[in-house]
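Structure, as structure tokens:
Source: prediction; values computed, not measured.
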Amino acid sequence: MAVPTPETPDTPAPPKLAATVLLLRDTPCGLEVYVQERVSSMRFAANMTVFPGGGVDRRDFPAGANEVVTAGEKPDADPEARIAQLFNVDRARAHALTCAAVRETFEETGTLLARDASGEIVADGHRFHRQRRQLEAHELSLTDFLISENLTLDAGLVSPWANWVTPESNPIRYDTYFYLAALPDGQRADGDTSEASSSGWFRPATILDGWRRGLLGLMPPTWAQLSRLDGVSTVAAALDVAKATPVRRTSSDFLGEPFMDEYFAVATHMGHLRKGMNR
């Protein structure tokens, strides 16, 4: 156990629950993922290249008691139950995480991962521009928005991918759950958010190459997810990986594993994250 230092407080800050989405699309050049560079004024991960996402709002939680998913519930027939099982959380938290993932993706990219009254995936999220701004301003909950527009949250449109917790030495911490999602046909992602200075679609290998060359910054979890996607050729293949591979849950201890050696060899300024860890 590490001895508390100025970088490792006696009482670590509790991590805030968060969700983020790796939004994917197929192109003639291969699989691309949507990323954005955070503005310099952000308190956490300023200037870093990240996926759309953010903290879970209390209104993302459903009314009612928490329910734990058991093996007998056949989660394959219930996407939300499957999310709960793969993320190892109760049903209420699975619902809140999925709501946050869909809400944050809509707020930050204009992409709406929901179904209309006919059961079809929404073809144009940008027609709900007013509601998007209301969600960003916390004037509207995702649930109320969906109900008012006769839309439905479909947990099957997002696939559990990973769970990372910010190291205890950080003053601002997140317990972040990562999802994969395919860009719906007819929809487009934009950079119309105050949280990003730039955004766009890139192949994972291109982002990683830019990071190695010092052209952009990546936090360890972002680097790890891009590394997992590197070499996957299509959206369908990525979603198959998500289905076939158990969710990788990590804590700060994971930063000490050999898998992360390349990251810290390049991002030497982040080496403090490994201090006090037993290799």
Can you list the residues that meet the ring pair (Phe, Tyr, Trp, His ring centres under 6.0 Å) rule with Tyr263, with sequence neighbours excluded?
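Result, ring pair (Phe, Tyr, Trp, His ring centres under 6.0 Å) vs Tyr263: Trp211, Trp223.
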By ring pair (Phe, Tyr, Trp, His ring centres under 6.0 Å) - contacts of Phe145 (at least two apart):
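Phe106, Phe128.
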Looking only at heavy atoms, what is the nearest atom pair of Ala162 and Arg228, with distance?
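Looking at all heavy atoms of both residues, the closest pair is CB-NH1, 4.1 Å.
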Taking atom types as modelled and ignoring hydrogens, do the side chains of Ser141 and Asp144 form a donor-acceptor contact shorter than 3.5 angstrom?
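Looking only at side-chain atoms, Asp144 and Ser141 do form a donor-acceptor pair, the distance falling under 3.5 Å.
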Is the closest side-chain heavy-atom distance between Leu153 and Val102 below 4.5 Å?
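Touching, per the 4.5 Å side-chain cut-off.
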Are Val35 and Trp201 packed together at the side-chain level, in the sense that at least one heavy-atom pair is separated by less than 4.5 angstrom?
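Heavy-atom side-chain distance check fails, nothing below 4.5 Å.
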Please check if the side chain of Thr222 supplies one atom and the backbone of Leu218 the other of a donor-acceptor pair under 3.5 Å.
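It does not hold such a pair.
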State whether [X] and [Y] are salt-bridged, where the test is any N-O pair (Lys NZ or Arg NE/NH1/NH2 against Asp/Glu carboxylate O) under 4.0 Å.
| X | Y | result |
| --- | --- | --- |
| Arg91 | Asp78 | yes |
| Glu107 | Arg103 | yes |
| Arg203 | Glu32 | no |

Give a yes or no on whether Phe259 and Leu229 share a hydrophobic cluster (residues Ile, Leu, Val, Met, Phe, Trp, Tyr; joining criterion: side-chain heavy atoms under 4.5 Å apart).
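Same cluster.
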Can you give the donor-acceptor pairs under 3.5 Å from side chains of residues 116-126 to other protein atoms, not counting sequence neighbours?
residue: Asp116; atom: OD1; partner: Ser118; partner atom: N; Å: 3.0
residue: Asp116; atom: OD1; partner: Ser118; partner atom: OG; Å: 2.6
residue: Asp116; atom: OD1; partner: Gly119; partner atom: N; Å: 3.2
residue: Asp116; atom: OD1; partner: Glu120; partner atom: N; Å: 3.0
residue: Asp124; atom: OD1; partner: His126; partner atom: N; Å: 3.0
residue: His126; atom: NE2; partner: Asp190; partner atom: OD2; Å: 2.7

Which value, rounded to the nearest 0.5 Å, describes the distance between Met260 atom CE and Met270 atom CE?
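If we round to the nearest 0.5 Å, Met260:CE and Met270:CE are 9.0 Å apart.
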